[in-house]
K.L.:
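Here you go, one structure.
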Amino acid sequence: MNRWLSVCLAVFSATMLLPQLAAAALGKYAILENNVGYLRIDKTDKNALDEIPGALTHLQDTNTIAGLVVDLRFAGGNDTGDLASIERLLEQPKLPLAILINGQTAGASAKLAEELREENTGLVFGAAADNFQPDIAVPSNAGDQKKFLVDPYAALPQSASNPDTSTNLLPLVEIDHTTEADLVREKIKDGDQDDTTARPAPQKPFIRDPVLAHGVDFIKGVVALRLSSNQP
């Protein structure tokens, strides 16, 4: 009996000595559409302050990014003491920001979105959070948004629930994604081209997450406007 008690005490002691890992504040970071940085913050706190510099460095080393999407959907946090430092990190690259929020963005994360907009660093997209209204409201249901956080390119079945239908919402528009390959196949079908010579290119995936797509399009628009203004 004493031997088993000793074993149990040893296991308990070893468990107590294991380091307690802090929960990560960043959910994901990636490059979208070749030159748009994407940074998802799950929780706005000191961990975010520690993790954001490495993520931004990795993004900028991977590609020359034209802008940054800061995804605060479903993000929370109660510590507002580090907000000013987090803001400076996100504004430091002097890149246009697209800030994404939804009805589950709360606490310090909602405050971060509001303060980033007040600094005129970018636009806020999505749905109202903590009585804070986005610049551009985009209809999307919360269940679909959670799935898009995993894969923004995924084709989801039509949601049965109705999104908010407020008058300031942007409509969801069906976009024609017809490619050159599709046109070639139509010509073959009509007998205009020999199918033995056709080599259709694979269709490029596109972002199906409506909130994220609006943010990416905004950054691309800012970049295009800057390029056109620099033309002689």
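As the structure is a prediction and not an experimental result, all values here were calculated from the model.
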K.L.:
Output yes when a side-chain donor or acceptor of T121 lies under 3.5 Å from a complementary backbone atom of L116, and no otherwise.
P.N.:
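Confirmed, T121 side chain pairs with L116 backbone.
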
K.L.:
Could you tell me the separation between the NZ atom of K220 and the CG atom of L32, rounded to the nearest 0.5 Å?
P.N.:
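Rounded to the nearest 0.5 Å, the NZ-CG separation comes to 9.5 Å.
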
K.L.:
Are L90 and I99 close enough that some pair of their side-chain heavy atoms sits under 4.5 Å apart?
P.N.:
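No, every pair of side-chain atoms sits at 4.5 Å or beyond.
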
K.L.:
Of all the heavy-atom pairs spanning L59 and G37, show the shortest one and how long it is.
P.N.:
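Looking at all heavy atoms of both residues, the shortest contact is CD1-CA, 4.3 Å.
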
K.L.:
Any donor and acceptor pair, going by atom type alone, linking the side chain of D82 with main-chain N or O of S85 inside 3.5 Å?
P.N.:
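No, because the side chain of D82 does not come within donor-acceptor range (under 3.5 Å) of the backbone of S85.
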
K.L.:
Compare every heavy atom of D45 with every heavy atom of A25, then report the nearest pair and how far apart it is.
P.N.:
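In terms of heavy atoms, the two residues are closest at CB-OD1, 3.8 Å.
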
K.L.:
What are the two closest non-hydrogen atoms of L26 and A55, and how far apart are they?
P.N.:
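Closest pair (atom of L26, atom of A55, distance): CD1-CB, 3.8 Å.
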
K.L.:
How many angstroms lie between atom CG of L72 and atom CD of E114, to the nearest 0.5 angstrom?
P.N.:
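Reported to 0.5 Å precision, the distance equals 12.5 Å.
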
K.L.:
Show the nearest heavy-atom pair for residues A75 and S109, with the distance to one decimal.
P.N.:
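It is CB-OG, 3.3 Å.
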
K.L.:
Distance-only criterion, 3.5 Å: show the donor-acceptor pairs between side-chain atoms of residues 145-156 and protein atoms not counting sequence neighbours.
P.N.:
{"residue": "Q145", "atom": "OE1", "partner": "N102", "partner atom": "ND2", "Å": "3.3"}
{"residue": "Q145", "atom": "NE2", "partner": "S140", "partner atom": "O", "Å": "3.0"}
{"residue": "D151", "atom": "OD1", "partner": "Y153", "partner atom": "N", "Å": "3.0"}

K.L.:
Find out whether I52 and I41 are in side-chain contact, i.e. whether some heavy atom of one side chain is under 4.5 Å from a heavy atom of the other.
P.N.:
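In contact.
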
K.L.:
At what distance, to the nearest 0.5 angstrom, does CD1 of I219 lie from CG of L95?
P.N.:
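Between I219 CD1 and L95 CG, I get 8.5 Å after rounding to 0.5 Å.
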
K.L.:
Taking the side chain as everything from C-beta on, heavy atoms only, tell me whether L100 gets closer than 4.5 Å to V69.
P.N.:
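Heavy-atom side-chain distance check passes, below 4.5 Å.
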
K.L.:
Taking only residues two or more places apart in sequence, or in another chain, which ones meet E115 in a salt bridge (charged side-chain N to carboxylate O under 4.0 Å, His left out)?
P.N.:
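Salt bridge (charged side-chain N to carboxylate O under 4.0 Å, His left out) check on E115 returns K111.
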
K.L.:
Would you list the pairs meeting salt bridge (Lys or Arg N to Asp or Glu O under 4.0 Å) in which at least one residue belongs to residues 206-219, sequence neighbours left out?
P.N.:
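Of all non-adjacent pairs touching residues 206-219, those that pass salt bridge (Lys or Arg N to Asp or Glu O under 4.0 Å) are R73-D209.
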
K.L.:
Run the side chain to side chain contact (heavy atoms under 4.5 Å, CB included) test on I207 and E33 for me, step by step, so that the C-alpha distance in whole Å, both residues' side-chain angles and the decisive distance to 0.1 Å come before the verdict.
P.N.:
CA-CA 9 Å; I207 296 173; E33 304 290 311; 3.9 Å; yes

K.L.:
Going by the rule side-chain hydrogen bond (donor to acceptor under 3.5 Å, both in side chains), which residues pair with N35 if we only count those two or more places apart in sequence or in a different chain?
P.N.:
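Result, side-chain hydrogen bond (donor to acceptor under 3.5 Å, both in side chains) vs N35: none returned.
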
K.L.:
Under the rule for ring-ring contact (aromatic ring centres under 6.0 Å, His included), what residues qualify as partners of Y29, not counting sequence neighbours?
P.N.:
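With sequence neighbours excluded, Y29 shows a ring-ring contact (aromatic ring centres under 6.0 Å, His included) to H58, given in chain and number order.
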
K.L.:
Please give me the minimum heavy-atom distance between P134 and R117, naming the atom from each residue.
P.N.:
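Distance-wise, the nearest heavy atoms are C-NH1, 3.8 Å.
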
K.L.:
Verify side chain to side chain contact (heavy atoms under 4.5 Å, CB included) between L212 and D71, making sure each step is shown before the conclusion.
P.N.:
CA-CA 8 Å; L212 177 58; D71 195 343; 5.6 Å; no

K.L.:
Nearest 0.5 angstrom please: E87 CD to L112 CG, how far?
P.N.:
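Between E87 CD and L112 CG, I get 6.0 Å after rounding to 0.5 Å.
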
K.L.:
Which pair of heavy atoms, one from A66 and one from P96, lies closest together, and at what distance?
P.N.:
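So the two residues come closest at O-CD, 3.3 Å.
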
K.L.:
Are side-chain heavy atoms of F132 and T105 found at a separation under 4.5 Å?
P.N.:
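Not in contact.
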
K.L.:
Could I get the full list of ring-ring contact (aromatic ring centres under 6.0 Å, His included) partners for F218, not counting sequence neighbours?
P.N.:
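By the ring-ring contact (aromatic ring centres under 6.0 Å, His included) rule, F218 matches F125.
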
